[in-house]
Amino acid sequence: MNFKNRIVALAGGVALVTLAGACNKDLNVTNPNAPDVARAISTPGDVRNLLGNSYNTWYIGAHGGGQPRGGIMVAVMADNLTMAFGNFGARFNGQEPRLAFNNSSAADDGKNTSIPWDAMYGALGAANDGLNAVKRGVVVAVSAGATDETPQFQSLAYMVQGLSLGYLGLTFDRAFVVDEDTPQGTATLKP
């Protein structure tokens, strides 16, 4: 290394140390555009839409919405359906003798389990958030002054909780069993 390169390397090192020392600001920044759940679903219409769509989320996750996942794979594994092509997990999971399930995130068949898993917890989270909003005093109605629909939407939320947890119980060997009263960050996988 010649003298000129050593000078450039030394100057670059000094500049780097100087810049690192100057950047000691706290990087914890609040985001005013990301409200907490209580503010995001604080009106009757917000809660009504959230709980109404929680069923749609469950239905599409369980039965597919343009991409039927999980159900076809399980039906082929049970010899209820027969398919000769590799879509939706039918090829590898329908072979006999049975192959071990490829639980790799790189495998395309992984979507057959990840899509329903994510959808069930999306529906469950929406139902739980809606029930918590009702507990905070939000009255569910189409608009202000309209008929109180809180009992109907509470029933819908409890149904979505049951459907989601039931689907998880039928499909997976372990799941997080959570409801609207489960403290955040305390759920554990249960068989």
Side-chain angles (χ1 to χ4, degrees), residues 31 33-37 40-41 45-134 140 149 152-191:
N31 183 359
N33 296 321
D36 55 71
V37 175
I41 52 172
D46 294 338
V47 177
R48 188 177 197 280
N49 290 335
L50 180 70
L51 291 176
N53 286 326
S54 69
Y55 179 78
N56 294 342
T57 303
W58 174 84
Y59 185 87
I60 290 171
H63 301 292
Q67 288 189 359
R69 297 285 182 180
I72 289 178
M73 177 183 73
V74 172
V76 169
M77 291 167 68
D79 289 330
N80 190 12
L81 293 177
T82 301
M83 297 171 67
F85 52 93
N87 293 356
F88 313 119
R91 179 176 175 212
F92 295 117
N93 298 301
Q95 293 183 3
E96 292 181 12
R98 297 287 184 225
L99 302 173
F101 183 72
N102 187 356
N103 200 22
S104 168
S105 60
D108 190 51
D109 287 350
K111 292 177 185 173
N112 295 313
T113 54
S114 67
I115 289 174
W117 175 274
D118 293 342
M120 293 306 115
Y121 281 109
L124 190 56
N128 291 343
D129 288 343
L131 287 170
N132 281 325
V134 169
V140 182
E149 300 174 316
Q152 293 93 328
F153 277 88
Q154 280 180 303
S155 298
L156 175 66
Y158 288 125
M159 182 185 79
V160 169
Q161 280 181 335
L163 289 170
S164 300
L165 292 171
Y167 188 92
L168 289 165
L170 288 171
T171 309
F172 301 98
D173 63 339
R174 292 173 179 251
F176 296 101
V177 180
V178 295
D179 64 7
E180 72 278 10
D181 296 322
T182 304
Q184 190 173 8
T186 62
T188 58
L189 282 172
K190 296 180 182 176

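Heavy-atom basis, side chains included; hydrogens, waters and symmetry copies ignored. Keep in mind the model is a prediction, meaning the values are calculated, not measured.
The side chain to side chain contact (heavy atoms under 4.5 Å, CB included) check on Ala133 picks up Ile41, Val47, Arg136, Val138, with sequence neighbours excluded. For the ring pair (Phe, Tyr, Trp, His ring centres under 6.0 Å) test, residues two or more places apart in sequence or in another chain that qualify with Tyr59 are His63. For Asn128, the side-chain hydrogen bond (donor to acceptor under 3.5 Å, both in side chains) partners at least two apart in sequence or on another chain are Gln161. Remark: Asp181 engages Lys135 in a side-chain hydrogen bond (donor to acceptor under 3.5 Å, both in side chains) (not counting sequence neighbours). In this structure, Tyr158 has no ring pair (Phe, Tyr, Trp, His ring centres under 6.0 Å) partners at least two apart in sequence or on a different chain. The side-chain hydrogen bond (donor to acceptor under 3.5 Å, both in side chains) check on Asn49 picks up nothing, with sequence neighbours excluded. Under the rule for a side chain to side chain contact (heavy atoms under 4.5 Å, CB included), the partners of Asn102 that lie at least two apart in sequence or sit in another chain are Ser104, Ala107. With sequence neighbours left out, the ring pair (Phe, Tyr, Trp, His ring centres under 6.0 Å) criterion links Tyr55 to Trp58. In this view, Thr182 and Asp179 satisfy the side-chain hydrogen bond (donor to acceptor under 3.5 Å, both in side chains) rule, not counting sequence neighbours.
Taking 4.5 Å as the limit, every side-chain heavy atom of Phe176 sits out of range of all side-chain heavy atoms of Leu124.
Summarising the geometry of Asp46 relative to Ala40, their closest heavy-atom pair is OD2-O, 3.3 Å, with the distance given to 0.1 Å. Taking both residues in full, the closest heavy atoms of Gly89 and Met73 are given as O-CG, 3.8 Å, listed atom of the first, atom of the second, then distance. A pairwise comparison of heavy atoms in Ala119 and Thr57 identifies O-CG2, 3.5 Å as the closest pair. Annotation for Ser164 and Ala123: closest pair OG-CB, 3.7 Å, computed over non-hydrogen atoms. In terms of heavy-atom proximity, Leu156 sits nearest to Gly52 at CD2-CA, 4.0 Å. Shown here for Val178 and Ala187, the closest heavy-atom pair between the two residues is CG1-CB, 3.5 Å.
In this structure, the separation between OH on Tyr167 and CG on Leu170 is 9.0 Å, given to the nearest 0.5 Å. To the nearest 0.5 Å, atoms CD (Gln152) and CG (Leu51) are separated by 12.0 Å. Between atom CG of residue Asn112 and atom CZ of residue Phe92 there is a gap of 12.0 Å, rounded to the nearest 0.5 Å.
Listed by first and then second residue, the salt bridge (charged side-chain N to carboxylate O under 4.0 Å, His left out) pairs involving residues 93-104 are Asp79-Arg98, Glu96-Arg98 (not counting sequence neighbours). Residues in residues 103-123 take part in these ring-ring contact (aromatic ring centres under 6.0 Å, His included) pairs, two or more places apart or across chains: Trp117-Tyr121, Trp117-Phe172.
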Audit row: Asn93, Val76, side-chain contact (heavy atoms from CB on, under 4.5 Å) steps and yes/no:
CA-CA 7 Å; Asn93 298 301; Val76 169; over 6 Å; no

